[in-house]
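Written out below as structure tokens is the structure these notes cover.
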2 protein chains.
Amino acid sequence: MQDTKDKIVGLADQLIKTKGFNSFSYKDISDPLAIKNAAIHYHFPNKADLGMAVLEQEFNILNTGIANWEALPEDHQLRHLIGSFANKCSSHMACIMGSLSPDYNTLPSNMQERLREFSAAVIKWVTQCLHNGREKGIFSFKGAPEDRALMIVSNLLASLLLSRVMGESAFEKISKQLLDDIL
Amino acid sequence: MQDTKDKIVGLADQLIKTKGFNSFSYKDISDPLAIKNAAIHYHFPNKADLGMAVLEQEFNILNTGIANWEALPEDHQLRHLIGSFANKCSSHMACIMGSLSPDYNTLPSNMQERLREFSAAVIKWVTQCLHNGREKGIFSFKGAPEDRALMIVSNLLASLLLSRVMGESAFEKISKQLLDDIL
DNA sequence: TTGTTTACTTACTAGTAAGTAAGTATATTT
DNA sequence: AAATATACTTACTTACTAGTAAGTAAACAA
């Protein structure tokens, strides 16, 4: 069944975002799914394989989002992105970048590379969005779109982490300001 | 000797910032210091005690910084803060907030509380700095100083994490923009 | 000089981590 | 109907984790 495999990846994704890659164990997955840890190893020989599967899934979700919002005005696209972060915030999760980057030095090199590619893809998309939006007169900001994109992504990433410590209002205040600054 | 105790805290601080709280072990400390793991337990009965000692040290460093820069113009104060983050960046470290917040859910409650207090202290200080700086005409920005402070802290925190993945230029671009936006 | 405190080491425990080898039931193919 | 592949379980190993109990050498105090 593909079902179990998908459930393992889904749970691993959640666990990475709530506890971090090094802080979750196979037991955290096998217990709720009522399977044995060897079943996880059957689908994913080692933890790095599981981590890679999670990153692939995140990449798919990102690409689906981008494709779905492509035709929308740029401010709507950005609001969708912020909305997806808001959902993570309310379920007390970080994003995959915010969850894996603190552990970056301890990650296997294939996960490091894939995380770098993922981050680059997010930044590239926001850059394009800001660039097009400014040309259409939807956005107004000074400086290069890429620099501004870097700042927006970094802010969204960190606001989820800060919200955990300081409460959800931190996310709301930061995300509101991000939009106010360019609209 | 206070020496060994201080060295343990110093190394633990570094390890938290490079690997994360749950990803470093007593061996990572005992080996380089050429002591036994029981020596660490002698000074810090459990890992939470060690974590608390690291947070206390971070608090002291913060308070020393604040006290030293108090008399300076507000833009200089902010530059000092950014400078201290730049140092962390070049030694491939995150700040204590960026390092501990992803593990927040797994931390003992006294560490959670202390981290919350630490974050609040940083934000409070930046808020005060922005407030005073704007009144003196050094800074210019719209919105509440507290919201802007939240954004600056969140950006600094995240830029260290992003720099790990994307390279140090991420930090430089973000920190430059932070200042440009309010000067 | 004796007793006590400090700062450890030695030697260990119990628990948990990822990972593996071999067996099994079910479904699919030939 | 037999052979094979799939998706596991059972049972285990090795390595490492935080943590502890008991012992020791040196410094200090009475």
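What you see is a predicted model; the values in this text were computed from it and never measured.
- Backbone-only contact: Lys47(B) has heavy atoms under 4.0 Å from sugar-phosphate atoms and none from a base.
- A cation-pi geometry, defined here as NZ or CZ lying under 6.0 Å from the six-membered ring centre and within 45° of its normal, holds between Lys5(B) and Phe44(B).
- Whole-Å rounding puts the Asn46(A) CG to dT20(C) P distance at 8 Å.
- Following rounding to the nearest Å, Lys27(A) (NZ) and dA18(C) (P) show an atom-to-atom distance of 11 Å.
- With a 6.0 Å cutoff to the six-membered ring centre and a 45° limit on the axis angle, Lys88(B) does not count as a cation-pi contact of Phe171(B).
- The side-chain tip of Lys47(B) points at the ring of Phe24(B) from less than 6.0 angstrom away and within 45° of straight on.
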Test salt bridge (charged side-chain N to carboxylate O under 4.0 Å, His left out) applied to Lys142(A) and Asp147(A), step by step: CA-CA 10 Å; Lys142(A) 44 183 180 176; Asp147(A) 294 353; over 6 Å; no
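- Among the heavy atoms of the strands lying under 4.0 Å from Tyr42(A) is at least one base atom, whether or not backbone atoms are also near.
- Atoms CG (Leu15(A)) and P (dA17(C)) sit 12 Å apart, rounded to a whole Å.
- Going from atom NZ of Lys5(A) over to atom P of dA7(D) covers 8 Å, rounded to whole Å.
- Across the protein-nucleic acid pair, Ile35(A) atom CD1 and dT24(C) atom P stand 21 Å apart, rounded to whole Å.
- Atom CG of Asn37(B) and atom P of dA7(C) are 18 Å apart (whole Å).
- One can place CG of Asp49(A) at 12 Å from C1' of dG19(C), the figure rounded to the nearest angstrom.
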